[in-house]
Enquirer: 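Can you keep this structure in mind? I'll have questions shortly.
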Amino acid sequence: MTAAARSAALRARLAAGEARLGVIGLGYVGTPVAALFAGSGLDVTGIDLDPDKAAAVDAGRVPFAGEEPGLAPMLAAQAAAGRLHASTDYDALRGVDAVIVAVETPVDPQDHRPRYTALRGALASLGPRLRPGALVVVESTLAPGTMRELVAPALAAASGLCIDGHGTGGDEGGDGGELLLAHCPERVMPGRLLANLRGMSRAVGGLSPAASEAALALYARIVEAELDATDALTAELVKTGENAYRDVQIAFANEMALVCEALGADVWRVRELLNKSPGRHMLLPGAGVGGHCIPKDPWLLVAHATGRAGFAPRMIPAARGVNDGMPDHVATLLADALRARGRALEDAVVLLLGASYLEDSDDERNAPTAALAARLEGRTAELRIHDPWVARYRAPGVEARARGADAVVVMVAHSAYRDLDWGALRELVRTPVLVDGRRVVDAAEARRAGWELRALGVGAPAEPGPDAHD
Ligand code: SAJ
């Protein structure tokens, strides 16, 4: 049977709603994906090594924290309808028509190389359960080149089947491969998982046209936006590139903030006027860049290319360095403001406002606040953290946490922080030092109330520099 015929057979089973789908990895990506495909009428089996996650999804419950509109009722309904099951046992995938792999693909914090332990494990366990004609789609974000150099060989070895469009035994000239393999990276965001899965366009990168066609038919069941057929490498580059692009854009905004501080300008006014220039969209300077994708994907983007054809990345690592340096810069602003009020850092009680990586979110992954807290660890008299969205930091409230403090540092632009009464808080602190890392504070109001304010990106009018009279 040719690969094209296998693809056609799978598409027919999908159209008839008879196809069985497996989803490996029941996290922020796999869980809503499983729910949506079950809701499209397919029988879906979720797999996760974590028995609690598997049990939750099998019972129709959301296996993670956070508000995800529509997800809980959808999971409950699909589990009740008998279309959604979950297990820790890969044998539950025997005979499936298609499998989506949505496991974590972190990078090593030291060498920034991809760590594919979870991916390799999933492929090794999945392979023996696959039959000829099955489609495997990897949604996890991958270093460009991974599909051809790691996923295809690993799957071929584990399944004993050849991959259509891939040299490992795939008879590309004759009937083609027995397995169809594609990469379809996700564009989910915490708080908008279902909305993004339905509403955002996706690159569908097959290792062969037959694989792309099968994957297009699969995703057409749940995606209302454009599905762009392409090759696997392009799909890998699109996903890692779109996030590296954002990281570089943020780094530019942060470097502009540092320039403005050095020269005594206001980066926010500069940004407002700069963005009036056609085609300029300077992003927001801030106290750092966190989350599960922006800090990671730039490293994935350059991982396999580095060292090939003499390529060595310069801008992308530099942008990562600028963004990862912002929590340190906040620490510098803090120490400077304390010094201005005669308080040494080591004698200071410091309150950090915001623990999550993003405003009005409870997601703490790679949060800049954690980086700042690590830098301040042991260097202050006391370090306090407040965050209305993170349970362990919610109580006893900003006022109580500010009482007796020597510095308040705004790290996250939570809406709740935009309404703080800085006059009242001034009466609670011991030393009125305030560092605004996210342009939340009304500077004039704060200064009128007596705060020693340092606003990220807003410099004090500086003395002319040594070369000011070139
Ligand atoms: N940040 C800045 N300045 C900015 C924008 C963000 O400092 O101008 C910081 C945030 O505070 C946060 C980090 O960067 O710490 C990441 O923020 P983000 O707005 O990029 O949010 P993420 O990490 O959830 O990124 C997601 C990504 N979406 C997917 O991967 C599907 C990203 O591609 C989107 O562009 C982004 O959401 C978005 O636009 O909201």
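Numbering of ligands and ligand atoms starts at 1, following listing order. In this text, all values refer to a predicted model and were calculated from it rather than measured experimentally.
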Enquirer: Does ligand 1 have any N/O atom under 3.5 Å from a protein N/O, and what are those pairs and their distances?
Expert:
{"from": "ligand 1", "atom 1": "3 (N)", "to": "Leu284", "atom 2": "O", "distance (Å)": "2.8"}
{"from": "ligand 1", "atom 1": "7 (O)", "to": "Arg438", "atom 2": "NH1", "distance (Å)": "3.2"}
{"from": "ligand 1", "atom 1": "8 (O)", "to": "Leu284", "atom 2": "N", "distance (Å)": "2.9"}
{"from": "ligand 1", "atom 1": "11 (O)", "to": "Arg438", "atom 2": "NH1", "distance (Å)": "3.3"}
{"from": "ligand 1", "atom 1": "15 (O)", "to": "Gly290", "atom 2": "N", "distance (Å)": "2.9"}
{"from": "ligand 1", "atom 1": "15 (O)", "to": "Tyr357", "atom 2": "O", "distance (Å)": "2.7"}
{"from": "ligand 1", "atom 1": "19 (O)", "to": "Arg246", "atom 2": "NH2", "distance (Å)": "2.9"}
{"from": "ligand 1", "atom 1": "20 (O)", "to": "Arg246", "atom 2": "NE", "distance (Å)": "2.6"}
{"from": "ligand 1", "atom 1": "24 (O)", "to": "Tyr357", "atom 2": "OH", "distance (Å)": "2.8"}
{"from": "ligand 1", "atom 1": "30 (O)", "to": "Lys239", "atom 2": "NZ", "distance (Å)": "3.1"}
{"from": "ligand 1", "atom 1": "33 (O)", "to": "Asn243", "atom 2": "OD1", "distance (Å)": "2.5"}

Enquirer: Kindly indicate whether a cation-pi arrangement holds for Arg438 with Tyr417, taking the cut-offs as under 6.0 Å to the six-membered ring centre and within 45° of the axis.
Expert: no

Enquirer: Side chains of Thr105 and Lys296 only: does a donor on one sit below 3.5 Å from an acceptor on the other?
Expert: yes

Enquirer: Atom CG in Asn366, atom CG in Asp324: separation rounded to 0.5 Å?
Expert: 9.0 Å

Enquirer: I'd like to know if the side chain of Trp299 reaches the main chain of Val107, judged simply by a donor and an acceptor atom lying under 3.5 Å from each other, with no hydrogens or angles considered.
Expert: no

Enquirer: How long is the span from the NZ atom in Lys239 to the CG atom in Leu300, to the nearest 0.5 Å?
Expert: 10.5 Å

Enquirer: Quick check for you: to the nearest 0.5 Å, what is the distance between Arg192 atom CZ and Met200 atom CE?
Expert: 7.5 Å

